Amino acid sequence: MSLNETGGGEGVEVLKNEPYDDEEHGKGQYTYKIYHLASRAPAIVRALAPKEALELHEEAWNGYPSCKTVTTSPWMGANFKMVTETMHLGDRGNTENALNASAETLAQREVVFLNVADDSEIAKSSYKKEEDPKVYKSKKTGRGPLTENDWAEKCDPVMTCYKLVTVEFKWWGLQTTVEALIMSYTRKAMLLMHRQLFCDTDEWHGMTIEQLRKMEEETAKTLLEKRHKELENKTDFS
């Protein structure tokens, strides 16, 4: 996914990818990334906004079956924070409080079901046949295609990825609008990501943890080389 997000000298920069073991997060793999967004912003925004405003920093603690991701903006400081907590369970989406959220959080929570086989929310420009679960069939596992409307009730094995997303954007006059936009974008991004993940089954199924770490190292190296090369080739007209 990170490779897909790199272009025009922008994209994802992986600064850390290392094991962690602490009381708060348990054990797993910690990553620290910077998302460079300048090339995706309108020209007027690039001209007016400082560099820090077009960067997002992401820390993630991946300790399957749980994961926590914290996204911040150096420019906005304490005025922006997005936290995504994840739990993977072998059920059919019927666990009421998979993330053990507080009563206060549950009272504010909006539950959204994402069906990876439903492309009605996918823009035509984002649709790719090779990433369509209704078409894909895994050669290694025999899973897919997901053509029936009630596939989630019938397929076996099955797993639900539960996510609790919390966004804070403190900016007078814009808070409600921007938070809603972030949630809308996040929903679409998660749907696309998990569609791609299913359709990439044959690429990751059966990998050992050592093979996975090696792939992550190679990906980080490729991202860095690609970004440096594109920055060198980029003409600065400022």
Side-chain angles (χ1 to χ4, degrees), residues 1-2 5 12 15-35 37 49 52-118 120-122 152-153 158-198:
M1 293 297 291
S2 295
E5 293 301 317
V12 186
L15 299 183
K16 291 185 180 181
N17 184 6
E18 58 193 27
Y20 69 85
D21 184 353
D22 59 52
E23 293 184 4
E24 181 180 357
H25 303 103
K27 295 182 179 181
Q29 194 75 5
Y30 168 80
T31 59
Y32 178 27
K33 304 175 183 178
I34 297 179
Y35 290 83
L37 310 174
E52 293 78 8
L54 301 174
E55 289 183 356
L56 290 178
H57 289 220
E58 177 194 275
E59 292 183 275
W61 294 263
N62 294 282
Y64 183 84
S66 64
C67 175
K68 181 177 181 180
T69 302
V70 178
T71 306
T72 57
S73 165
W75 186 61
M76 292 194 65
N79 292 322
F80 173 74
K81 187 177 184 179
M82 178 174 174
V83 179
T84 303
E85 299 170 82
T86 304
M87 178 61 71
H88 300 86
L89 297 178
D91 64 14
R92 300 183 185 277
N94 49 11
T95 300
E96 177 61 28
N97 188 10
L99 280 303
N100 296 318
S102 66
E104 180 182 0
T105 298
L106 291 176
Q108 303 175 59
R109 180 186 67 174
E110 176 188 0
V111 179
V112 177
F113 291 94
L114 297 181
N115 180 353
V116 295
D118 181 8
S120 62
E121 296 185 44
I122 307 296
E153 301 300 324
V158 65
M159 180 180 72
T160 301
C161 177
Y162 293 89
K163 290 183 178 290
L164 178 61
V165 182
T166 306
V167 177
E168 292 182 8
F169 185 92
K170 301 176 182 178
W171 194 311
W172 188 84
L174 293 175
Q175 181 169 345
T176 301
T177 300
V178 173
E179 287 180 351
L181 286 172
I182 293 174
M183 284 297 190
S184 176
Y185 173 81
T186 300
R187 172 175 175 166
K188 294 176 182 177
M190 287 183 177
L191 180 58
L192 287 172
M193 179 185 71
H194 287 88
R195 282 167 63 89
Q196 181 181 348
L197 184 62
F198 178 80

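Treat the numbers as computed from the prediction; the structure is a model and nothing was measured.
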| Is it true that a side-chain atom of Thr160 and a backbone atom of Asp91 form a donor plus acceptor pair closer than 3.5 Å? | yes
| Any side-chain heavy-atom pair of Val167 and Thr186 under 4.5 Å | no
| field | Separation between CG of Leu181 and CE of Met183, rounded to the nearest 0.5 Å | value | 11.5 Å
| request: Report yes if some heavy atom in the side chain of Ile122 is under 4.5 Å from a heavy atom in the side chain of Arg195; otherwise report no. | output: yes
| said: Checking Phe169 now: which residues fulfil ring-ring contact (aromatic ring centres under 6.0 Å, His included) with it, not counting sequence neighbours? | reply: none
| message | Holding to ring-ring contact (aromatic ring centres under 6.0 Å, His included), I want the full list of residues that pass it with His194, two or more places apart in sequence or in another chain. | response | none
| field | Minimum side-chain heavy-atom gap Val70-Trp61 below 4.5 Å | value | yes
| query | After noting the C-alpha distance and the side-chain angles of Thr166 and Thr105, does the key distance pass the side-chain contact (heavy atoms from CB on, under 4.5 Å) rule? | reply | CA-CA 9 Å; Thr166 306; Thr105 298; 5.6 Å; no
| Closest contact, heavy atoms only, Ser73 versus Leu56 | CB-CD2, 4.2 Å
| Tyr32 side chain near His57 side chain, heavy-atom distance below 4.5 Å | yes
| said: I'd like to know if the side chain of Thr177 and the backbone of Leu174 have a donor-acceptor N/O pair within less than 3.5 Å. | reply: no
| field | For Arg92, salt bridge (Lys or Arg N to Asp or Glu O under 4.0 Å) partners two or more places apart | value | none
| message | Does Phe80 form a side-chain contact (heavy atoms from CB on, under 4.5 Å) with Val178? I'd like the steps, not just the answer. | response | CA-CA 11 Å; Phe80 173 74; Val178 173; over 6 Å; no
| Side-chain heavy atoms of Val165 within contact of Met190, under 4.5 Å | yes
| Is atom CD of Glu96 surrounded by more than 12 heavy atoms (other residues, nucleotides or ligands) closer than 6.0 Å? | no
| Got Arg187 and Glu121 here, is their nearest side-chain heavy-atom distance under 4.5 Å? | yes
| Under a 4.5 Å cut-off applied to non-hydrogen side-chain atoms, are Thr86 and Cys161 in contact? | yes
| query | Given side chains that start at C-beta, do those of Tyr162 and Thr95 come closer than 4.5 Å, heavy atoms only? | reply | yes
| query | Yes or no on side-chain hydrogen bond (donor to acceptor under 3.5 Å, both in side chains) for Lys81 and Thr72, after CA distance, side-chain angles and deciding distance? | reply | CA-CA 5 Å; Lys81 187 177 184 179; Thr72 57; over 6 Å; no
